[in-house]
Amino acid sequence: MAAFPTALVETVTQSSAAASHRTLTDRQIAEFSEVFRGRELTRKDRRLSSGIAALDAILNGGIVRGRVSEIVGRPGFGRTSLAASFAAIATRRGEVAAWIDSAGAFDPRSIAAAGADLSRILWVGADTAGRRARDLAESPAAAFAPARSSASVKAGIKPMLLAAEMVLDAGGFGLVVIDLVFDIGGPARTLALSAALRLARAAERSGAAVIVLAERRTCGTFAALSLVLGRIRPCFSRTAPGAPALFDGVRVEAYVARNKLGGSGQAAVWRALVDPTSAPASP
Amino acid sequence: MIERRISPKPLIAGAAEVARDPLLPPLHHGSHASANASAASPQIACTRIACILVADFPLAAATRQSPELSDRPLVLIESAAGRRGLTGVANAAVANMECRFVSAHARAMGVRTGMTVARARAAAAGLAVMNRSPAAEASAAEALVDVALSFSPLVEAGADGEVYLDLGGLARLHQRRHANSHREGAAGAGTSASSSPAERPDTEMIETGLAQEVLGRVARLGMEAAVGVASSKEVALLAARCGGARAIAAGREREFLNWLPLDLLRLDDGAGGGGDGASLEQTLARWGIRRLGELARLDIRAVGSRLGARAVELMRIARGECRTPLIARRAAENFAEAVELEWGVDNLEAMGFVMRAMLERVVERLKLRGMAAGEIALALELDGRRRDLRRVALPAPTNEARTLLALILLNLEAAPPAAAVEAIRITVEPRAPRAAQADMFAPPCPAPERLHVMLARLAALCGPDGVGTLRPRNSHLPGAVELGPFAPRPALAPAPARSRNGTATLRNETSALADRDAVKRPAATGATVTQLAVRAVRPPHRVEVLCARGGAPEFVRGADFGGRVVSCAGPWRIAAAQSHIDNGGSDNRQGAPGTARDYYDVALEDGGVYRLLCDLRSGEWYVDGIYD
């Protein structure tokens with residue numbers, strides 16, 4: 001998105017003499033001129049909405065594009081559902097999103113049910129590099145020594161960051177979700193601060209909204225937003241006494257632990273349901 | 001007097017009467033009646049032909065494959081041992097072999113063609129001896145053709161290291177560029193640029209610039225060449241043999257040829273003349289002819305009767321009359337590079353080192369032609385005269401050598417060759433890179449070319465099965481997925497809305513400009529309920545489950561997690577034959593092994609809700625997903 005307003009600004013500044021022929025309004029010109037003069041590539045008011053009213057209200061409209069936002073919480077606390085909501089909003093607007101998956105946990109059925117257009121989501125299974133290395137080490141053909149510099153041996157978090165940088169460098173993506181959550185029972189993954197810095201710079205260059213899903217805050221000062229999801233409350237119900245129980249969904253609580261571009265300390269509550277169409281009117 | 005001894009008539013005669021003589025061999029197609037006439041009439045439309053010449057072509061091909069040899073004295077031998085080079089030949093046998101091609105560096109140290117390797121090694125310390133590689137020469141010749149095709153569609157590959165291309169009309173195309181560079185240079189120097197006819201660059205200058213550009217492109221492919229531009233192939237070749245970039249203006253060929261030494265005709269090469277070339281050279285030397293102008297002034301009929309057709313042909317070349325037509329060839333459909341290794345390579349790291357250089361050369365050739373690599377065919381010759389053929393598919397056309405190499409290495413790692421590799425041939429099928437015009441009012445999308453490059457790089461990083469669009473598979477199992485190619489449709493900008501007065505305004509809710517307005521009203525568009533997503537656990541994580549009497553799970557214990565079940569929903573049973581699972585029920589064969597599972601949604605003490613499955617056949621429990 002960064003190239004788009006810059007081109008416009010150049011056009012506007014070059015054709016200032018021929019102001020009568022320009023098609024942009026004065027307000028738009030002022031906006032882009034501000035971007036140009038202030039060297040501010042990210043604009044605080046360019047946000048991606050989550051589609052959840054309570055959350056958007058405390059985030060001033062959504063997460064900021066061109067910055068890294070981290071969604072933190074334990075497994076099952078609603079991180080994936082929230083990221084799916086952002087992906088749904090982005091893809092419904094016609095944007096393209098990328099989902100960098102460290103554990104192969106992307107479930108297309110539920111992401112599509114959240115409203116996302118799967119054809120506009122690039123899935124990158126960054127775990128396959130490590131899996132390949134493991135498979136190769138166990139294969140009888142391992143005697144044919146693999147190259148040390150091969151990408152397949154770069155297991156761990158490095159392939160994810162490389163993949164994220166490739167996606168952001170390509171440009172044109174509205175949303176990039178980096179899922180740092182490991183397999184069930186696995187160790188929590190954290191980013192080195194240098195990696196977080198690189199990620200933040202790549203996000204700023206591309207203008208894409210970057211969401212990092214992690215178990216704890218990992219991007220440090222390079223995250224513009226840290227949204228911590230609190231303890232959830234699962235809801236089970238029965239259609240009738242004695243009938244089998246049904247799992248309805250969970251009640252998600254989130255509070256803003258850090259927000260560089262807005263207020264922090266606010267909290268929001270919403271419900272994530274297995275079948276939102278059958279939800280009652282009030283939470 | 002030489003003339004008196006050869007002929008009663010003076011040998012110097014007009015070319016017009018030569019052309020009328022029916023006894024002489026006919027002129028080539030396209031020749032004009034008279035060289036003098038053509039020289040005097042510049043308005044004759046001449047085809048402009050450029051000749052790209054790489055001197056010592058076998059040596060140039062060898063140093064192109066091994067650039068580290070360019071600083072060393074190098075000789076090539078022709079070993080009967082075949083492609084294995086010098087490793088299959090005993091040292092004593094190599095020492096007795098003749099040096100067939102000697103580099104300029106080695107020549108300066110006293111090594112000459114025909115010397116034995118032993119003598120050459122004694123004369124030049126650090127002499128590199130290599131076997132002549134037909135594969136390397138073929139690749140280099142193809143690369144030269146690619147350079148020519150990057151300028152003109154009419155290209156003819158001549159002898160080794162010679163390529164001819166038709167430059168007719170190209171001067172006008174490049175005139176504008178030349179004028180622009182001239183104007184920029186004038187602006188940089190602080191002088192006013194003018195486009196008056198007097199300052200307009202002449203054709204010769206433009207053609208020389210073109211020739212220099214050809215030289216630059218050949219240098220990008222790892223070779224040094226000379227380029228000559230003239231109205232005929234023969235004159236262009238002679239101009240190229242003078243070295244550098246040289247354009248001979250139409251009608252001034254004779255003037256150029258007059259002062260060229262006779263050596264440039266390469267009479268001793270025997271091209272077309274066999275051993276007659278040397279005797280012809282001796283004869284001409286005995287006559288005192290040292291330059292082409294002197295040869296051209298002889299009586300062609302008398303020379304023909306004494307020295308034969310070869311001498312007549314040489315005279316026509318010397319007069320600038322010989323105009324062999326350019327026979328264009330079709331552009332190659334594939335780009336290939338081949339390397340014959342001196343030793344068998346049995347590890348991927350060394351192969352990667354060799355293939356990286358090969359791919360960089362291929363990519364450079366592709367770039368010259370404005371193409372991108374589409375699919376790679378890899379042919380490996382293995383120890384024991386075995387062959388290993390494989391194809392490496394690319395998710396998208398790309399010109400990144402690093403990406404191509406990573407994909408090839410992934411392929412080789414997955415199925416390593418059965419033996420040491422002795423020769424590598426990489427053939428790349430070219431594809432046209434896609435380009436598209438971005439919509440100003442639609443949300444931004446990745447540019448097709450950059451998207452393709454990115455997909456290829458991601459595939460190299462994560463494997464081809466790690467990149468794409470993941471979508472649910474048509475199956476009864478809830479976690480079944482399939483991977484498809486990622487090809488998002490371009491976003492469409494909505495039609496302009498109509499205002500009250502009927503004028504169309506470009507108001508676009510999804511455009512970037514309206515983004516701020518949209519997010520200012522989150523409460524109007526937001527909801528308080530969202531879809532609960534599932535994190536799939538692939539492969540399912542095996543756990544121990546303690547069940548109550550009714551069969552419902554009461555306690556879950558895994559390797560790294562577990563706890564008491566707080567709430568439970570289920571079971572939902574899925575029982576289907578394998579064919580139902582694979583084909584979504586379209587195939588109803590009986591007897592195939594299938595699956596029977598019970599699914600539960602359980603909330604544990606830690607607050608998480610897990611999707612458990614119990615395999616009814618084995619009685620084992622797994623965590624299939626986490627509601628997150």
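So that the names make sense, note that chain A is the first sequence line, chain B the second, and so on, each numbered from 1. All values reported here derive from a predicted model rather than from experimental measurement.
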Separation between SG (B:Cys462) and CE (A:Met160), nearest 0.5 Å, reads 9.5 Å
Checked A:Ala114, A:Gly171, A:Ala113 vs chain B; the most non-hydrogen pairs under 4.5 Å come from A:Ala113
Of B:Gly608, B:Gly558, B:Pro472, B:Ala552, the largest count of non-hydrogen pairs under 4.5 angstrom with chain A goes to B:Pro472
Stepwise side chain to side chain contact (heavy atoms under 4.5 Å, CB included) test for B:Thr530 and A:Arg271 | CA-CA 6 Å; B:Thr530 59; A:Arg271 290 182 302 157; over 6 Å; no
Could you walk me through whether A:Arg109 and B:Val534 pass the side chain to side chain contact (heavy atoms under 4.5 Å, CB included) test, one step at a time?
-> CA-CA 9 Å; A:Arg109 212 176 291 265; B:Val534 177; over 6 Å; no
Report the option among A:Asp117, A:Asp107, A:Thr80 that has the most heavy-atom pairs separated by less than 4.5 Å from atoms of chain B.
-> A:Thr80
So do B:Val529 and A:Trp270 actually touch side chain to side chain, heavy atoms under 4.5 Å?
-> no
Selection from B:Val481, B:Leu458, B:Leu483, B:Val602 maximising heavy-atom pairs under 4.5 Å formed with chain A = B:Leu458
Sort A:Val167 into side chain, backbone, both or neither according to what part of it lies under 4.5 angstrom from a heavy atom of chain B.
-> both
Crowding at CZ, B:Arg390 (>12 non-hydrogen neighbours, <6.0 Å) | yes
Sort out for me which of B:Pro488, B:Cys568, B:Ala536 touches chain A most, counting heavy-atom pairs under 4.5 Å.
-> B:Ala536
Considering only heavy atoms, which portion of A:Ser85 lies under 4.5 Å from any heavy atom of chain B: side chain, backbone, both, or neither?
-> side chain
Sorted by chain and number, sequence neighbours left out, ring pair (Phe, Tyr, Trp, His ring centres under 6.0 Å) with B:Tyr599 holds for none
Highest number of heavy-atom pairs under 4.5 Å with chain B: which of A:Leu118, A:Ile89, A:Leu55, A:Leu82?
-> A:Leu118
Backbone of A:Gly104 reached by a side-chain donor or acceptor of B:Arg538 within 3.5 Å | yes
Could you walk me through whether B:Phe486 and A:Arg120 pass side chain to side chain contact (heavy atoms under 4.5 Å, CB included), step by step?
-> CA-CA 8 Å; B:Phe486 179 67; A:Arg120 307 191 77 80; 5.6 Å; no
Return the option, out of B:Asp601, B:Leu405, B:Leu455, with the maximum number of heavy-atom pairs under 4.5 Å with chain A.
-> B:Asp601
Side chain / backbone / both / neither for A:Phe106 at chain B, heavy atoms under 4.5 Å = both
Of the backbone (N, CA, C, O) and the side chain (C-beta and beyond), which part of B:Val467 lies under 4.5 Å from a heavy atom of chain A, both, or neither?
-> both
Which residues share a salt bridge (charged side-chain N to carboxylate O under 4.0 Å, His left out) with A:Asp248, sequence neighbours left out = none
Measure distances from A:Leu122 to the heavy atoms of chain B and classify the residue's part below 4.5 Å as side chain, backbone, both or neither.
-> both
Closest heavy-atom pair and its distance - B:Met454, A:Met166 | CG-O, 3.6 Å
Answer yes or no: is there a donor N or O on one side and an acceptor on the other, between the side chain of A:Ser81 and the main chain of B:Asp628, under 3.5 Å?
-> yes
Show your reasoning for whether side chain to side chain contact (heavy atoms under 4.5 Å, CB included) applies to B:Tyr627 and A:Val250.
-> CA-CA 9 Å; B:Tyr627 288 99; A:Val250 296; 5.7 Å; no
Has the side chain of B:Gln531 got a donor or acceptor atom that lies under 3.5 Å from a matching backbone atom of A:Val274?
-> yes
Minimal non-hydrogen separation, A:Trp123 against B:Asp465, with atom names = CZ3-O, 3.8 Å
